[in-house]
Amino acid sequence: MSKRLKTLAAACAVLAVAACSPAEPAPAAPPSKLLWMGDSVAEGLAGPLAAAAQAGGLSMESIASTGGGNVSGIEELTKSTWDQLTGKLGSFDPDVVAYQVSTYDWGTEGEQLAAYEKLLATVTAAGATLVFVTMPPIKADEFYAPHLAELQRTGGLVRRVADGSGGKAVVLDSAAVWGPEYRLDRDGKRDRSPDGIHTCPQGAARFTAWLLGELAARFPGFTPAAPESWANAGWAGGPAFRDC
């Protein structure tokens with residue numbers, strides 16, 4: 001059976017808990033292993049998440065991928081995601097799998113729903129709990145513009161899957177961090193990348209504190225490290241933030 005997580009705080013005092021969905025039944029034990037999934041946005045966020053996890057004694061691995069990491073959409077990309085997920089479920093044996101919905105999760109509504117149901121079945125069969133994290137709002141360029149309608153319905157689809165999961169999956173709405181639309185700066189500092197898709201260190205830190213705090217509210221038993229123990233751990237200088 002799965003285990004779970006507890007509070008992070010400080011860097012995210014500005015975030016409202018009111019946006020949280022209802023708490024799920026608490027598990028018997030805290031988590032020890034977190035697997036992180038998603039596209040290049042998630043890959044950038046993996047740096048601060050890994051630093052925060054290490055500081056808090058939580059083992060974390062990531063299969064987030066630039067130019068992919070999706071579970072629906074272009075077949076060669078989804079095949080890579082499923083192959084990596086299957087391998088990590090066996091070798092890493094996570095308690096919690098967190099999937100940030102990919103900006104490449106294209107397809108018909110039926111195809112998207114089937115992909116999210118497959119993700120739930122795959123993760124729960126391995127004894128882990130699935131956490132869907134909604135994608136941040138993007139400023140669509142001509143590459144993404146034809147797929148905006150597909151991406152806009154992903155939040156509702158993952159909620160449908162989680163609602164029918166019997167408590168085996170939850171949805172965390174990242175609008176609590178990013179707001180309802182893309183916003184370049186926040187509090188006078190760069191928060192999102194000028195490319196309209198990715199994040200900057202400030203936004204990544206806010207997201208990390210929010211995510212672990214949200215998991216804590218639902219999955220008691222893990223006490224995250226204080227933000228000051230991971231916020232300056234070197235991840236902000238990584239290539240994911242070169243445009244910030």
Side-chain angles (χ1 to χ4, degrees), residues 1-5 19-27 31 33-39 41-42 45 49 62-65 68-75 77-86 88-89 92-138 147-178 180 207 210-212 214-219:
M1 291 296 295
S2 308
K3 314 143 206 160
R4 313 286 177 220
L5 298 144
C20 303
S21 54
E24 300 295 332
K33 297 179 181 180
L34 170 66
L35 180 63
W36 177 241
M37 299 176 60
D39 58 15
V41 180
L45 296 168
L49 279 172
S62 173
I63 58 170
S65 174
N70 48 316
V71 297
S72 178
I74 302 171
E75 186 175 356
L77 299 182
T78 60
K79 183 181 185 305
S80 176
T81 301
W82 292 116
D83 287 347
Q84 290 184 71
L85 174 60
T86 300
K88 282 296 181 185
L89 288 174
F92 183 50
D93 190 25
D95 311 294
V96 176
V97 176
Y99 175 59
Q100 180 171 266
V101 173
S102 172
T103 58
Y104 292 96
D105 271 359
W106 306 339
T108 66
E109 182 173 340
E111 289 169 339
Q112 292 169 306
L113 183 62
Y116 298 141
E117 289 174 335
K118 178 181 176 181
L119 182 59
L120 172 66
T122 302
V123 168
T124 57
T129 294
L130 176 61
V131 175
F132 289 108
V133 181
T134 61
M135 59 175 278
I138 65 173
H147 302 285
L148 269 184
E150 297 157 78
L151 295 178
Q152 287 169 351
R153 65 175 172 241
T154 57
L157 293 176
V158 296
R159 287 182 182 87
R160 191 191 308 181
V161 172
D163 287 347
S165 72
K168 296 178 180 178
V170 297
V171 177
L172 301 181
D173 188 354
S174 70
V177 180
W178 310 117
F207 175 87
W210 168 81
L211 178 62
L212 295 183
E214 288 295 291
L215 291 173
R218 288 160 177 78
F219 310 132

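Because only heavy atoms are used, hydrogens play no part in the values below, and waters and symmetry mates are left out as well, while side chains stay in. The first residue of the sequence shown is numbered 1, and numbering continues consecutively from there.
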Set out, in order, the CA-CA distance, both residues' side-chain angles and the distance that settles side-chain contact (heavy atoms from CB on, under 4.5 Å) for Tyr99 and Val123, then state yes or no.
CA-CA 11 Å; Tyr99 175 59; Val123 168; over 6 Å; no

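- Remark: side-chain polar atoms of Thr78 are not paired, donor with acceptor, to backbone N or O of Asn70 under 3.5 angstrom.
- Here the side chain of Glu111 pairs a donor or acceptor atom with the backbone of Thr108 at under 3.5 angstrom.
- Between the CD1 atom of Ile74 and the CH2 atom of Trp106 there is a distance of 4.5 Å, given to the nearest 0.5 Å.
- Residues Val97 and Val131 have side chains not in contact (no heavy-atom distance under 4.5 Å, counting atoms from C-beta outward).
- Considering only heavy atoms from C-beta on, Pro136 comes within 4.5 Å of Val41 through its side chain.
- In this structure, Leu211 CG and Leu45 CG are separated by 9.0 Å, a value rounded to the nearest 0.5 Å.
- Side-chain contact check for Leu85 versus Leu89: some heavy-atom pair is nearer than 4.5 Å.
- In this pair, Tyr116 and Phe132 present their aromatic rings perpendicular. The plane angle is above 60°, beyond the 30 to 60° band.
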Run the side-chain contact (heavy atoms from CB on, under 4.5 Å) check on Val71 and Lys118 step by step: do they pass?
CA-CA 9 Å; Val71 297; Lys118 178 181 176 181; over 6 Å; no

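- Side-chain contact check for Arg218 versus Leu172: some heavy-atom pair is nearer than 4.5 Å.
- Without hydrogens or angle criteria, Lys168 side chain to Leu120 main chain gives no donor-acceptor distance under 3.5 Å.
- Side-chain contact between Glu214 and Val133: absent, with no pair of heavy atoms (C-beta onward) separated by less than 4.5 Å.
- Scanning all heavy atoms of the two residues, the minimum distance from Ala42 to Gly38 falls at CB-CA, 3.6 Å.
- Across every non-hydrogen atom of Ala128 and Pro94, the tightest pair is CB-O, 3.4 Å.
- At distances below 3.5 Å, not a single donor-acceptor pair connects side-chain atoms of Asp39 with backbone N or O atoms of Ser102.
- Residues forming a salt bridge (charged side-chain N to carboxylate O under 4.0 Å, His left out) with Asp83 (at least two apart in sequence, or on another chain): Lys79.
- Side chains of Met135 and Ile138 form a contact here, defined as non-hydrogen atoms less than 4.5 Å apart.
- Checking side-chain atoms of Ser174 against main-chain N and O of Val177 turns up no donor-acceptor pair under 3.5 Å.
- With Asp95 contributing its side chain and Lys33 its backbone, the two residues share a donor-acceptor pair below 3.5 Å.
- Contact detail for Leu34 and Ala98: the closest heavy-atom pair is CD1-CB, 4.0 Å.
- Using a distance-only test at 3.5 Å, with no hydrogens or angles considered, no donor-acceptor pair links the side chain of Trp36 to the main chain of Ile63.
- Note that CG of Leu151 is 10.0 Å distant from OG of Ser72, once rounded to the nearest 0.5 Å.
- For the side-chain hydrogen bond (donor to acceptor under 3.5 Å, both in side chains) condition, the pairs that include at least one residue of residues 153-163, sequence neighbours left out, are Glu109-Arg160, Gln112-Arg153, Arg159-Asp173.
- A donor-acceptor distance shorter than 3.5 angstrom exists from the side chain of Glu150 to the backbone of Gly107, with no hydrogens or angles considered.
- Trp82 has its side chain within reach of Thr122: a pair of non-hydrogen atoms, C-beta onward, lies under 4.5 Å apart.
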